[in-house]
Structure formats: C-alpha cells, structure tokens
4 protein chains.
Amino acid sequence: MSSAASSPAPRRTGRPRSPEADRAILDATRAALVELGWGKLTMGDVAARAGVAKTTLYRRWAGKSELVVDAVAALFDEHLELPDRGSLQADIEGVVLQFAALLERPETKTALMAVVAESTRDDALRERIRGAIVDRQKRLVLLGRERAQARGELPGEEDPASAARNADLIFDVVAGSVVHRTLVSAEPVGPEWAREFAALLVAGLKNL
Amino acid sequence: MSSAASSPAPRRTGRPRSPEADRAILDATRAALVELGWGKLTMGDVAARAGVAKTTLYRRWAGKSELVVDAVAALFDEHLELPDRGSLQADIEGVVLQFAALLERPETKTALMAVVAESTRDDALRERIRGAIVDRQKRLVLLGRERAQARGELPGEEDPASAARNADLIFDVVAGSVVHRTLVSAEPVGPEWAREFAALLVAGLKNL
Amino acid sequence: MSSAASSPAPRRTGRPRSPEADRAILDATRAALVELGWGKLTMGDVAARAGVAKTTLYRRWAGKSELVVDAVAALFDEHLELPDRGSLQADIEGVVLQFAALLERPETKTALMAVVAESTRDDALRERIRGAIVDRQKRLVLLGRERAQARGELPGEEDPASAARNADLIFDVVAGSVVHRTLVSAEPVGPEWAREFAALLVAGLKNL
Amino acid sequence: MSSAASSPAPRRTGRPRSPEADRAILDATRAALVELGWGKLTMGDVAARAGVAKTTLYRRWAGKSELVVDAVAALFDEHLELPDRGSLQADIEGVVLQFAALLERPETKTALMAVVAESTRDDALRERIRGAIVDRQKRLVLLGRERAQARGELPGEEDPASAARNADLIFDVVAGSVVHRTLVSAEPVGPEWAREFAALLVAGLKNL
DNA sequence: AGCTAATCGAGACGGTACGTCGAGTCTTGGA
DNA sequence: TCCAAGACTCGACGTACCGTCTCGATTAGCT
C-alpha cells in the first residue's frame, strides 16, 4: 500500500517526506473518485483537496493510474474478508456479495476497469495492480479451500503445482464473473445471483 | 454496428455522407488502437489516418468511446462463432480459446476494458456496448446449450424465465473468467487453462 | 506591427485567424503591463484578459517577449513624432521629452529593457525589436537632420555612407542618453535636462 | 561589492559564515551567466555549481537580481579605469572602448539590462545597482574632466551644482550611447565608432 | 441547368489538464 | 549558528486534445 517500497538503504540526508501528505493524498483521491469518478479526476484536483502541491504527488506517484491503484487497494484490504459461514457454498456467497458491494462503490466502480485497461499497455502498472490488489486477495481463495477441505467438502490436494493452478482458476472465475455481471452486464449481484453462482461453482468443484 | 442509427426521417436533400469515409474511419480507428492503444488514441489522429476532417468524425460519432465501440464490435462479430465439436466440454473449450485470442489482439485488449470503464458513468454508452457487443454474443451461450440438450448432455429447461437467468449466468461466468484471466491476472489462456475451465463449468452444469 | 508578415501565398483553406483576437491580445498585453509590469505579466493572464485561449496566443507569438515587443511597438508609432519647432535645438528638446514621456509610461518602462536583455541571447527577438521599434524610429533622426539642413543649421552631407553612419550615431546618442537617464540613473528627464542635453548635442553637431 | 552589507550588530555566536562559500557562489554566478545567460540562470544551478546548498545563497542574497548585481559589479571595478592618453578626445575613446569590451562579455551583456529592467519596479534593487555600479563609475567622468581642465581643454567650473549636473549629463550620454549601440542597435563599438562618438562629444563640450 | 442544402478538408477557436520547472521556505541530521 | 540535502508550496510554463466553429469548395437530388 505504501508508495515507495522499503528501500534497503534508507536515505539519511535532506528533509524526509511527510507521511501526513501520503495519507492526505490517498484520502483525497478516494474522495475525488466518489465525487468525480475516474474520468474527471485530475491530479491538480487531488492535490488541491489534499492541501498539497502537485509536485508532491508526482514525487510519489508516476501518474493518475498508479495513484488510484494505491488508493483503491486499501479498500480491498479493508472490505474483503472470509467469515466462516459453515459451508463452502455459504462462504462463496458471502465473499461474492462482499466483492459485489465493493464494486458498487463509486470509488472502485470506474477506477478498477480503467486502471486494468491502462495496465494492458503498461507493464509497471500491471505489476503494481498485481502486487497491490490481485495477489493480496488470492488469500481468500486459499483460505476458503482450506476450510472446505477441513470440513471434508473438498478432497485434499496432492500435487502442489496443480493446487496453485486450481486456486488461480477459481480466483479468475469468481472475480471475473462478479466483475462481468456488475460492470459489463450491468446487472445487480443480489443474494439470488450469488446463490446461483455459488451453487454452480460448488457443483463444479465437488464433481471435478 | 451501423454508425448512424436509422433516422426516423432520412434526409433527402444535400450531399449524402460518404460511405467510404465510414469505412476509412473505422479502419483507421482499429489501426490506431493497434499502434497506440486506447489511451493514446486521439480523434485528431484517427481523422488524419483516415484522410478525413475531424468534423466528419463528429458528424457520425459522439466521441471516442462510441467510435471505438463500433470499431471493436465488428471484430467480435467476425471472430466469434460456435463450431460443433461434438461435446459441451469441447464446445466451451473452443469458444474460450476464440474469445481469448480476440482479447489478445491489441485492438481489443485495451479498448474493451476502457469503454466498459467509461460506460459505468455513461448510460448511453452502456446501452451501445450492450447492443453492439454483449447481447449479440449471448447467442453463443444459447446455441451451445441447445446443442448440449440435443445431445442429451443437459436436461431441457422447463421454466423459460429461469432458463434466461441461467444463460445470463453462464455468459457472465465464461466471459468474465476469460477476461479476468487475460487482462487482470495477465496470464495466457492456453489449451490447458481452457480445458480446466471447461471441465469445471461442465461439472457444475451437469450436477447443478 | 502585425505578427505574421505578409506571406506571398496567403493560405486559403481552414478557418482564418481572427483579427479581433489580435487586437484584443495586444490591448490586453498593454493593460497587463500597466497593472502588473513585465515581471508579473503571464501569458495565461493576457489570454484571460483578452477573452482568448492560451493556444491562440502561442499560435501568433512564440512567447512573452515577442508579444510584448509588438504590443509596445505600437506605442512608439503612436507617440513619437517630430513637430517642427523652428530650430534644431528645439526639435531635439521636443523629441527627447516625447521619448522620455514614453519611457515613463508603465507599459514601456520595464518592458523595453527586459526585451532588450532577452534579445542579447535570441537573434530572432533582436531582429524583431530592430524591425518593429528601432529602425522605424530612425526616421525621426533623418527627418530632423533634413530640416536642420533646410534651415541651414547643418551642412549638407556629401558621402551617403558617412551620412548613414552619422544618423546611426545620433540615434544611439539620443535614445541611449534618454534611456540611461530614465532607467539607469533613474532621474527625471525634465525640460531643463532636455535643454542641456540638446545644447550639448547641437554644439557638437555644429562644430564637428 | 561586499555580499553581506555591514550589519550594525555583527553576530558573535554560532558557526561563522564560510567566506569560501561567498567566493564560490559569486564565481559560480559569473560562470552560469556565461553559459546560460540571465534568463536561464537559476538559483538552484548556481548553488549546485558552487557546491553549496540553496539555503546558503538565500542566507546572503535576497534573490537572483541581488546576487547578479554583486557578481557583475566586481567586473566593472576590475575592468574600467581611465589611463591618461594625453587628450580629452583620446581619454573618452579609451573609456568607451573599455566599456564596450565589458558589455560584450557574456556575463554582463544580458545581466546588466535585465537587472536594470527589474530595478524599475524594485527600489531596493535600484539603490543596490546605483551603489554597486553606477555611482562607482562616475569617478571616471570626474577624473576625465579634471584632467581636461588641467590640460586647458575645458574651462574650470564656477558653480559646483551645475558642475555636478554636468557630470551626470556626460555620464548618461557616454554610458547610454555605448549601451544603446551595443545592446539595442546591436552593432559593434569599434575604434571608428569610438572616434566619431568622442569627436562629437568633445566638440559639444568645448562649444557649449 | 440551375438551386438548394448538407457534405467535405482544413484549421483556428475556447477550454481543461497535463507534467515540468523554478522560486523561495522549511525540516532534517550533522559539524 | 551554520551547513548540505532535499522535500515543501506556489505559480507559471508550453503542449496536447477536446469538441466546436468558420471558411471555401464539392456533390448530390429536386425543380
């Protein structure tokens, strides 16, 4: 989430960067996303909201996309978790609804697809998205599978490589389906849809 | 796909619009997408490539997004079909690979997510995407299901409403998973992934 | 005074440049010079005052210096003339006072030295200054000498080359002395100073 | 010429200012003027050249103009003198050529007019220029007149007030004419021009 | 065959945001 | 207290696109 990763040789001279500015900028970015959306969000506006000069933004982030990835990544960390609901089906339904709720938020709605679109032409941005959002949320799949295996709903994996491939597949199916439903089909993800989707997925997983 | 929608009162006087211009513009748009991607594509550049004045673009399309949707929609129509491969699993694998190949093209890669992102704040654009791309490709799901039912792989649907809901669900799952794998996870969709995904989906559909 | 010299092949296509914009910009430049002075005058501010986009300025002038030269040159044309006062001494006194009054105006005071300073590193700018201001005002020297010769105050010139050199010398002496008195010594040029200066110069010219 | 003016209460506590820094900064300023000219000279660049922090500059000078005035004033002191050449005409020619040579140096060429331009809106700067440059060089006029009077070329002055006025006038004429010839007309001041100018001035002074 | 009216290329127009640069100030740690 | 380093706020820069407009010059189809 922090903009600059921990440098091995932390600089010792000069005025240190203000951590308050970091916070103010990310907060301002989220606020601007809510009010204006990705398209009308400008670096100048974010700087003004944060009470910070534009140069201070550019000292930390290379551009709008990088900034927004960091600002949005925090929301994913905060709002996605996997509470134990007693069954694989229920766990999936739960996380699907959480994810859908997150995607309905004005901060994430446009921004997520926009940065993904950008990332198709920008390797550094793609890595940033992967590190800040995608890989961090794969934990949900791993945890859910563990629980299902502990409950005896799913068999234990023998081959670790195929287990990893399988987790990636499930992640793409869950995240992709919810995103497509929400943003492309532009239909709401309600409890009913979540139930039907989870039923389909669980049936697939158990009978693979 | 037609640029100018059917006008209720087709004008009868004055110089008619050049159909060559239409073609040149859409071709130029695709070429610009390949070279520059969505982000760096500009209306002025497209006009220059097409050997056309900017006015001519704006007389036909309201903006960049609308133009790109039309330019890209044509590719979907051309490159997606459902050849009968003998089994539901094989049919799904086939269409998944076709769709993945389409998404790997530089024209579509950036553009698709970008216009979807735009559409979250622009209802008219969302409808255009739905009409020009999404709804047109749902035929693939309907056709695939029919075939599977004809083969006896899937039971016939009794309730037409739930049948429609089910088709939408499958469409979101297939399209969403492939898009997510390709653009977000940024991993290739090869025959292996297609097989595993199709296996999961077929297992789910048969045991629902 | 016009920004672009008369092109031999005047373009015939595209929207023609607005002559109103030209006028509005030059007026706004002079107004901004009065209020803000050279140092605080900005292109953006001039554009705003003129009710014009910044690009419209840059389409006509390469930068602040070029713009100000044109804006100021008009003042020289308007406010410098050589009324016949009956004697060489009186004519010189008159033009010195006119020139001093011009240099006391807030539009010219800072701007003139500033663009001259710039021009020492910018050949194009130097030529612009020469063409728009310096060479145009040399007419005053030529006219004054003619009158003095007609009156019999000065002998006729035999060698045209030395006559030209002499006119240049006189121009540098008159203009340079007034500028130095006004801007470097920062003392006022009143009737008294004008009389003493003119007396010195006339004595020199008559006894050369 | 001293950078920090004589402070009434010289501080006695804390680390004393480095005199090496003073020299390094002024040298760096002149070097930057040569390479970049006034317009592109920046405080940060001067600091970097001098191997000094920007803070150190601002502790000694209020800004770019003040710094440059001090850096340039030293050159005037070094390069202007009045060697006795035996006649008023020859003395004037000599000082004119010295002054012209000084104005041709890249350090002074741009800088002098630029700070004069600034000074028209900044009284403190005008006083600094007067004290550091203008008034110091008036000695040349006074000395030259004394010598001419001693030689019997010019009559002694009776009224001290009019003598002072007369010296100021001569100073403005000499300095102004050379500056105008060099920077505005942008023509070289060679021996020929110097001779013609001096002849004009001497004729004027003797026949006033 | 001439009228009429919408089209065409060209390019200037008012805007808005961009990302950079320089000015001058402030905040570190260290001498 | 000074110093080097470098982050800070502020404001202007000159550029790039947007989508609109104004030109003169083509084209049709309708009289």
Side-chain angles (χ1 to χ4, degrees), chain A residues 11-18 20-21 39-48 50-64, chain B residues 11-18 20-21 40-48 50-64, chain C residues 11-21 39-48 50-64, chain D residues 11-18 20-21 39-48 50-64:
Chain A
R11 58 194 128 39
R12 49 179 67 263
T13 112
R15 178 173 172 176
R17 289 192 182 163
S18 157
E20 295 174 29
K40 311 210 159 174
L41 178 148
T42 69
M43 295 296 269
D45 182 76
V46 169
V52 142
K54 263 200 296 177
T55 34
T56 301
L57 261 81
Y58 283 107
R59 210 173 282 123
R60 291 162 163 77
W61 289 278
K64 187 166 148 170
Chain B
R11 38 190 148 39
R12 47 185 73 254
T13 164
R15 179 174 173 176
R17 290 191 183 161
S18 158
E20 298 175 26
K40 311 211 157 174
L41 178 149
T42 69
M43 295 300 266
D45 182 74
V46 169
V52 141
K54 274 199 295 173
T55 331
T56 306
L57 262 80
Y58 284 106
R59 213 172 278 121
R60 290 162 164 78
W61 289 277
K64 186 166 150 171
Chain C
R11 58 191 131 38
R12 48 179 67 264
T13 111
R15 178 174 172 176
R17 290 193 182 165
S18 158
E20 297 175 26
K40 310 209 161 175
L41 178 149
T42 70
M43 296 297 268
D45 182 75
V46 169
V52 140
K54 262 199 296 175
T55 33
T56 301
L57 263 81
Y58 283 108
R59 209 173 283 121
R60 291 162 161 78
W61 291 276
K64 187 167 149 171
Chain D
R11 42 190 145 38
R12 49 184 73 255
T13 162
R15 177 171 170 176
R17 287 189 184 163
S18 156
E20 297 175 25
K40 310 210 159 175
L41 177 149
T42 69
M43 295 299 266
D45 182 74
V46 169
V52 141
K54 273 201 293 173
T55 330
T56 304
L57 263 80
Y58 283 105
R59 214 173 277 123
R60 290 162 163 78
W61 289 279
K64 187 166 149 170

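Here is the naming used below: chain letters follow the sequence lines, and residue numbers restart at 1 for every chain. Heavy atoms only: backbone and side chains are in, while hydrogens, waters and symmetry mates are out.
Judged by closest nucleotide on DNA chain F, C:Met43 is the one of C:Met43 and B:Gly44 placed further toward the 5' end. The residue among A:Arg59 and B:Lys40 whose nearest nucleotide of DNA chain F is located toward the 5' end is A:Arg59. With the nearest nucleotide of DNA chain E identified for both D:Gly63 and C:Ala21, C:Ala21 has the one nearer the 5' end.
For the residue pair A:Ala21 and A:Ser18, the shortest heavy atom distance occurs at N-OG, 3.0 Å. Annotation for B:Arg59 and B:Arg17: closest pair O-NH2, 3.3 Å, computed over non-hydrogen atoms.
Spacing between atom CH2 of C:Trp61 and atom P of F:dG14 amounts to 15 Å, rounded to whole angstrom units. In this structure, B:Glu20 atom CD and E:dT7 atom P are separated by 16 Å, rounded to whole Å. When the P atom of E:dG24 is taken as reference, atom CG of D:Asp45 falls 15 Å away, rounded to whole Å. Whole-Å rounding puts the A:Lys64 NZ to E:dC18 P distance at 7 Å. Between B:Leu57 atom CG and F:dT20 atom C1' there is a gap of 14 Å when expressed in whole angstrom units.
When distances are taken from the side chain of C:Arg17 to each of F:dA7, F:dA4, E:dC13, the shortest belongs to E:dC13. Checking E:dG15, F:dC13, E:dC8 against the side-chain heavy atoms of B:Ser18 singles out E:dC8 as nearest.
At the phosphate of F:dT9, OP1 or OP2 sits under 4.0 Å from a side-chain N or O atom of A:Thr56.
The side-chain contact (heavy atoms from CB on, under 4.5 Å) check on A:Ala48 picks up nothing, with sequence neighbours excluded.
Between C:Thr55 atom OG1 and C:Arg60 atom CZ the span is 10.0 Å, to the nearest 0.5 Å.
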Q.
Generate the contact string for nucleotides 25-30 of chain E. Rules: B means base contact, S means sugar-phosphate contact only, - means no protein heavy atom under 4.0 Å.
A. BBBB-B

Compile the donor-acceptor pairs under 3.5 Å between side chains in residues 40-47 of chain A and protein atoms, sequence neighbours left out, one pair per line.
unit_1	atom_1	unit_2	atom_2	d
A:Thr42	OG1	A:Asp45	N	3.0
A:Asp45	OD2	A:Arg49	NE	2.6

